[in-house]
Amino acid sequence: MVTLLRSFRGKFVVLKMVSAEEIGGRIVKVNNGIVVLRTMLGTKIFIPISKVIAVITK
């Protein structure tokens, strides 16, 4: 999963979470089990990689 997320760095993705929630944004960086997304509004979101079950790209 880490390698997959790193390959999409700088691109817009939607992350599907264990809780069935979907979070969209541009991947800023991936490290230490955390993926950092920047939303359309400019907000940074820190998501544990262990909670991500799917990566959806457009």
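Along the sequence shown, residues carry numbers from 1. Computed over heavy atoms, backbone and side chain alike; hydrogens, waters and symmetry mates excluded. Owing to the predicted nature of the structure, the values given are computational and were not obtained by experimental measurement.
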Here the gap from I27 atom CD1 to L4 atom CG, rounded to the nearest 0.5 Å, amounts to 8.0 Å
For M1 and V52, the nearest pair of non-hydrogen atoms, with its separation, is CE-O, 3.8 Å
dist I49:CD1 -> N31:CG (nearest 0.5 Å) comes out at 8.0 Å
Please tabulate, for the side chains in residues 37-48, all donor-acceptor contacts under 3.5 angstrom to protein atoms that are two or more places apart in sequence or on a different chain.
residue	atom	partner	partner atom	Å
R38	NH1	G42	O	3.2
T39	OG1	L41	N	3.4
T39	OG1	T43	N	3.2
T39	OG1	T43	O	3.3

ask   = Under a 4.5 Å side-chain heavy-atom rule over Ile, Leu, Val, Met, Phe, Trp and Tyr, are I34 and L5 clustered together?
value = no
May I have the list of side-chain donor-acceptor pairs in residues 12-24 shorter than 3.5 Å, sequence neighbours left out?
none

